[in-house]
Amino acid sequence: MGVNSGASAIKNFLQINPIAQNLKSTKPNSTINTILSHLEAGCLKKAVSLLFSSPFPFDLPLYGRLFQLCSASRAIVEARKVESHLISYYDPPPTFLLNRAIEAYGKCRCLQDARELFDEMPHRDGGSWNALITAYAKGGFPSEALGLYLDMNRSGVSPSEVTFASVLGSCGVLLELGFARVVHGFVVKLGYGGNVIIASALVDVYGKCDEIVDARRMFDEIDRPNAVSWNVIVRRYLEVGDERQSVFMFFQTIRAGVRPLTFTFSSALVACSNRQAVLEGVQIHGVVIKYRHEDDEKVATSLIDMYMKCNDVVSARKVFDQPGVKDLLSWTSMVSGYAMAGRLKEAQELFDKMPERSIISWNAMLAGYVRSGQWEEAQSFIFKMCLNIYDADGVTLNLLLNVSAALSDIEYGRQIHAYIYRHGFESVIYVKNALFDMYGKCGALRRARICFHNMSGQRDTISWNSLLNSLAQHQMNVDVITMFREMQKETTPNEYTFSTLLAACANIFAYSQGKQIHGFMIRNGYKIDVVSLDALLEMYSKCGYLEYALKVIKTAKPGDTILWNSMIIRCCHHGKAREALALFDLMKEIGVKPDNVTFQAVFNACLCEGFVDEGKRYFDAMINDYGITVKLEHYECMINLYTRYGAMKELGKILKMPFKPTVSMLTRIFDACKVYPSPRLAMWVAKKLNKLNQN
DNA sequence: ATAGGGTTAG
């Protein structure tokens, strides 16, 4: 070991041939002055190049300063030269300076150099261990860092606060909860529990390991949390999905009088977007302005994102149009916002104007087309994309697979599969999931089965949901229910699982299974969102248990008008118009606001049972009490009602509508006139129809 | 003569 290190080669050379020590410079002071003036001018390279024109040792602080500069500018070549000079003229060189050298190598990500120097040091102290452990931890080798920490303990060197900080960071990366707990004990034993940096690191590890309660307990133990501590707790709450607490802790930061970091703003704003909490988002915007962060691109990006995800496009645009916030990120965010809001024209326009684009910008735009199901547009966008990018990533491949699945284009899907194989994306679980999903949706069940089998050992909830979906899509309803049992042996279902499952139950009228699933959801505390609630209603209604569905719908949120609408429609399908109308009354009682679709459904219910007077009353109420603009569809319903039951007088009145009657309306009126004689109306409609026929 | 914790667009 160590033969490849430049520094050690020179050292070996000097040991057998120490001519350097015999050289004498005529003007040592002039050399050092030139070096200092280069450093003053910020020119590290020039300063270092002059080192060896002085065959004398320099003062120790100069080496220290040089190493620090090398660290800061990641100058590996210079760091090696400084080390050479140091070990040439000091024997032995002071340990603290070699520690600085290890740090410099670490910062330059030359872990090999750091390790060799460490191994060859004649005398090591705790600082040397710390420098190397930090180098590994920060250089992306957390397990090596932990290994070194164990070596350190074995060699009898006591860890310090610095050691613990790095070690806890590595535990966080590796999700080594057990290791972290042991370290925590040691921290307390050595009396470092009050150190805010270590305490924050502990909060971070516990949070990352999903132990948010312990994280919070640790946080509460900190005497005076600083900006980083607050940042950590806000972030960790966000990442475990407790957005409410995340936002709450953000405002606590302000109350504690701590100025939040820009990162903290971003986290809190993401938390707001996830909860659609625009009011809190606006408050955070206020804090942004108070702390003069408005023109920080990163904060602005988070603001744009928050407003976009809360459907406030105007405010998002306002932030974006502020001077000085436009960068790649905020452009991308804006495009993504438009795209995800389904405003693809605006998204594409902005995308075309972007001064530069990253793969994420391309993905964002494509995701918009995919989300809105605009497959043809997606295809032509992909064509352009292929000509312009060379760095497709996992997300790109996912989207491409979604497109080929939607178009059932298995040929294209296979090509993407080949690309995935060639570029080593096969190990990425979400790419695999999308691939499997594609084969399933294209009906290539044999290929899908192979994919699913190949994924054994790393299948997650999404893989299983995909399987259930593809079975459901092929009407294999019984298999959906069977495979759900298999799924539970391997992973836990989520809300999406249940909507598929309940739909399968509904298709085969499997009431008892459906009911069991409902019970399962309740027992296991799944939140029943609009989609699964709708699936439940559908299952109970289809299985003929309307009363039960009615019981369930009362647990819906007042905002979910759609659920009530589809429930009213379902009642009509079962010929239960009275129940449908009762539902409408119940809506009023509970405070659910009906919309135009609700009234269409209500009119249809009246049509089923021949409730002409009620229909007219509801129609008037829609206009006068609810202020809903009457659409052509509503007139259609009313005309159906009046023609079917011969309410010719009302029919005549309603025809003064602000729309041109459609052909089907006219035909229906004409037919009604034959059953319920109404000469004037007959004349009017005959004229209209004739005119149409002539044209 | 010193080190250390947090990382933001799909």
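In what follows, every chain begins at residue 1, and chains take the letters A, B, ... in the order their sequences are listed.
- Applying the salt bridge (charged side-chain N to carboxylate O under 4.0 Å, His left out) rule to Asp220(A) yields the partners Arg216(A); only residues at least two apart in sequence or on another chain are considered.
- Only at 4.0 angstrom or more do the heavy atoms of residues 375-391 of chain A sit from any atom of DNA chain B, so none qualifies.
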>> Show, in sequence, the C-alpha distance, side-chain angles and deciding distance for Ser166(A) and Thr134(A), and conclude whether the side-chain hydrogen bond (donor to acceptor under 3.5 Å, both in side chains) test is met.
In response: CA-CA 6 Å; Ser166(A) 287; Thr134(A) 308; 3.1 Å; yes
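- One interatomic measurement links the two molecules: OH of Tyr192(A) to C1' of dG5(B), which rounds to 16 Å at whole-angstrom precision.
- In this structure, Leu202(A) reaches neither bases nor backbone, as no heavy-atom distance under 4.0 Å exists between it and the strands shown.
- Contact annotation for Ser358(A): base contact, defined as any heavy-atom pair under 4.0 Å involving a base atom.
- One interatomic measurement links the two molecules: CD1 of Ile198(A) to P of dA3(B), which rounds to 15 Å at whole-angstrom precision.
- One can place CD1 of Ile133(A) at 21 Å from P of dT2(B), the figure rounded to the nearest angstrom.
- Contacts of Ser336(A) with the nucleic acid, taken as non-hydrogen atoms under 4.0 Å apart, involve only primed sugar atoms and P, OP1 or OP2.
- Whole-Å rounding puts the Asp125(A) CG to dA1(B) P distance at 15 Å.
- Between dA1(B), dT8(B), dG4(B), one nucleotide has an atom nearer to the side chain of Ser266(A) than all others, and that is dT8(B).
- Within the nucleic acid shown, Val299(A) has no heavy atom closer than 4.0 Å to any nucleic acid atom.
- Glu346(A) and Arg317(A) are not joined by a salt bridge, as no carboxylate oxygen comes within less than 4.0 angstrom of a charged side-chain nitrogen.
- Salt bridge status for Glu103(A) with Arg100(A): present, with a side-chain N to carboxylate O gap under 4.0 Å.
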List, one per line, each side-chain donor-acceptor pair under 3.5 Å for residues 283-292 of chain A, sequence neighbours excluded.
unit_1	atom_1	unit_2	atom_2	d
His285(A)	ND1	Tyr307(A)	OH	2.8

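- Note: CD (Gln68(A)) to P (dT2(B)) measures 7 Å, nearest angstrom.
- With sequence neighbours left out, the salt bridge (charged side-chain N to carboxylate O under 4.0 Å, His left out) criterion links Glu78(A) to no other residue.
- By the salt bridge (charged side-chain N to carboxylate O under 4.0 Å, His left out) test, Glu426(A) pairs with no residue at all, sequence neighbours left out.
- In this structure, the separation between CD1 on Ile420(A) and CG on Leu397(A) is 5.0 Å, given to the nearest 0.5 Å.
- The Pro61(A) side chain lies nearest to dA1(B) when the options are dT8(B), dG5(B), dA1(B).
- Non-hydrogen atoms lying under 4.0 Å from DNA chain B are contributed by Asn226(A), Val228(A), Ser229(A), Asn231(A), Val232(A), all within residues 224-235 of chain A.
- An OP1 or OP2 oxygen of dG4(B) is reached within less than 4.0 angstrom by no side-chain nitrogen or oxygen of Lys138(A).
- A search for salt bridge (charged side-chain N to carboxylate O under 4.0 Å, His left out) contacts involving Asp125(A) returns nothing, not counting sequence neighbours.
- Atom-to-atom, NZ of Lys298(A) to P of dT8(B) comes out at 11 Å; the value is rounded to the nearest Å.
- Applying the side-chain hydrogen bond (donor to acceptor under 3.5 Å, both in side chains) criterion to Arg65(A), with sequence neighbours excluded, gives no partner residue.
- Gly64(A) comes within contact range of no nucleotide atom at all, as no heavy-atom separation falls under 4.0 Å.
- For the pair Glu297(A) CD and dT8(B) C1', the interatomic distance rounds to 12 Å; values are reported in whole Å.
- The nearest whole Å value for the distance from the OH atom in Tyr149(A) to the P atom in dA3(B) is 21 Å.
- Residue Arg236(A) places its side chain closer to dT7(B) than to any other of dT7(B), dA9(B), dG5(B).
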Counting only pairs under 3.5 Å, give me each side-chain donor-acceptor contact of residues 370-382 of chain A, with atom names and distances, residues two or more places apart or in other chains.
unit_1	atom_1	unit_2	atom_2	d
Ser372(A)	OG	Gly368(A)	O	3.0
Trp375(A)	NE1	Gly373(A)	O	3.3
Ser380(A)	OG	Glu377(A)	O	3.1

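- When the nucleotides dT8(B), dT2(B), dG5(B) are ranked by their closest atom to the side chain of Arg100(A), dT2(B) comes out on top.
- Sequence neighbours left out, the pairs with a member in residues 298-316 of chain A that pass salt bridge (charged side-chain N to carboxylate O under 4.0 Å, His left out) are Lys298(A)-Asp327(A), Asp305(A)-Lys309(A).
- For His38(A), there are no side-chain hydrogen bond (donor to acceptor under 3.5 Å, both in side chains) partners at least two apart in sequence or on another chain.
- Met334(A) comes within contact range of no nucleotide atom at all, as no heavy-atom separation falls under 4.0 Å.
- A heavy-atom distance below 4.0 Å to DNA chain B is reached by these residues of residues 393-403 of chain A, ordered by number: Asp393(A), Val395(A).
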